[in-house]
Amino acid sequence: MQLSTKHLLGIKDISAADISLILSTARQFKEVLQRPIKKVPSLREVTIVNLFYENSTRTRISFELAEKRLSADTINFSASASSVSKGETLLDTVNNILSMKVDMVVMRHSASGAPHFLAKHIPAAIINAGDGINEHPTQALLDAFSIQERTGQLEGKKVVLIGDIMHSRVALSNIYLLKKMGAEVMVAGPPTLIPKYINEALGVKVEYNVKKALEWCDVANVLRIQLERQNQVLFSSLREYNLAYGVSKKLLDGLKKEIVIMHPGPINRGVEIDSDVADSNRSIILQQVENGVAVRMAVLYLLSGK
Amino acid sequence: MKVVLNHTEFEEKIGQLSQSVLLKYPQLDDVVFIGIQQGGVTLADEIIDSLQKNDPLKKIQYGQLDITFYRDDIRKEILAPDIMNLPFSIENKNLVLIDDVLFTGRTIKAALDVLLDYGRPAKVELCVLIDRREHRQFPIQADYVGMTLPTDKLDKVKLIKDGSGNKHVVLVQH
């Protein structure tokens, strides 16, 4: 069985069979990560460049570790410390790097569609590590992996994404993935942070009351307020946001069932989620980070032969 | 397609292989059995069953090994991995590696690479049902052999399970 695609640009472009293949392969890589020697020789003759045009801690480290665990050679590139600041175009930068015989490109960019542009112009396999407000496919895959690991399956699960849906690439990738895998999806948060026609466009439920959303779901994926992408005032203050839309222990204790709490990080404690929720047994936030390496190993491995 | 071993002959070979292992390790102490996915696991399941019948109270350590991430021709075709399950330490143990067919020796070489990432066994032995001896590409020989089978290089030898669960070995000639 093989992936139907040469690149991973977004969950929108891949099939449910592709997603299942990535998740089942990731399960085997998770086993590799428990061994005394947490490394396999699979990508020994593969060179990968990590092209980060936007800040990242978790994703960059996770990809880098995944590449090293697969025995690939890696080059790290961050825009702030490169010739980009001297005016070089994206295509020129990448072509220069590719002339050094690079096989795969992992890319994060603040412009939506930047990895799609690259995929059209260069022969290397491109993996989108987050593009603007479009997609963050490996985050959605690791979220799905973590839900599967904790609850057994994705099909029929009720998942709510709470917070800044408007500016979140994590939300969009999660919606595409969960719908393709047969889960029910709801988005919740302030009306100013939820796109107006999202219900019709993506087939998700919309709820402006976080308590009701939590009562409905099996899993709540809490998202960060993306202040860096907002150029207008969309809510009055962080404190007010926390009071109206923050996930608190009191809210969860009032539910009739136990739900699973997720967060893609970085967390703004006391804003979208309280510390006693983020650090509780309900939370699988750190498992998400751990699973991220296995999922990224699976993506890199499955795309390395094309 | 030619039947090399029918079900009865297959069962006889399982009995013989199990006896050869018992001759060497009568108490099965410090011995660990590892089947190589997928044909090797099918064979190993049978051998473990046979050893267990011989001593029902003995706790036999048996794991399954997948070589997908270690293949030396990995770039030719990316394959989905199989399940890897070694729920015990192999450090200082006597390992009996089990595969259905020994052909070029490349699978066994990859399996040894996998094992060394798990620890340092005292000794590794190889048990195979069919030995296609004349096609070896690596200096690898088996310690327990069901039978040696002369074949053409392009032939395929397969361990198959029929509808009623009976196992046969067939030769698919080129």
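Per chain, numbering begins at 1; letters A, B, ... match sequence-line order. Computation of the quantities below employed the complete heavy-atom set of this structure, encompassing side-chain atoms and omitting hydrogens, waters and symmetry-equivalent molecules.
- When atom types are taken as modelled, the side chain of B:Asp155 and the backbone of B:Asp152 share a donor-acceptor pair closer than 3.5 angstrom.
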Stepwise side-chain hydrogen bond (donor to acceptor under 3.5 Å, both in side chains) test for A:Arg35 and B:Tyr118: CA-CA 6 Å; A:Arg35 298 180 191 174; B:Tyr118 277 85; 2.6 Å; yes
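- Using a 4.5 Å cut-off between heavy atoms, A:Leu43 contacts chain B through both its backbone and its side chain.
- A:Tyr301 and A:Gln28 form no side-chain donor-acceptor contact under 3.5 Å, judged by distance and modelled atom types alone.
- In this structure, chain B has no heavy atom under 4.5 Å from any part of A:Lys38.
- No close placement of the A:Phe77 and A:Phe52 rings is indicated, their centers lying 6.0 Å or farther apart.
- At a 4.5 Å heavy-atom cutoff, the contact between B:Asp82 and chain A is made by backbone atoms alone.
- For chain A, the nearby part of B:Leu116 is the backbone; its heavy atoms alone come within less than 4.5 Å.
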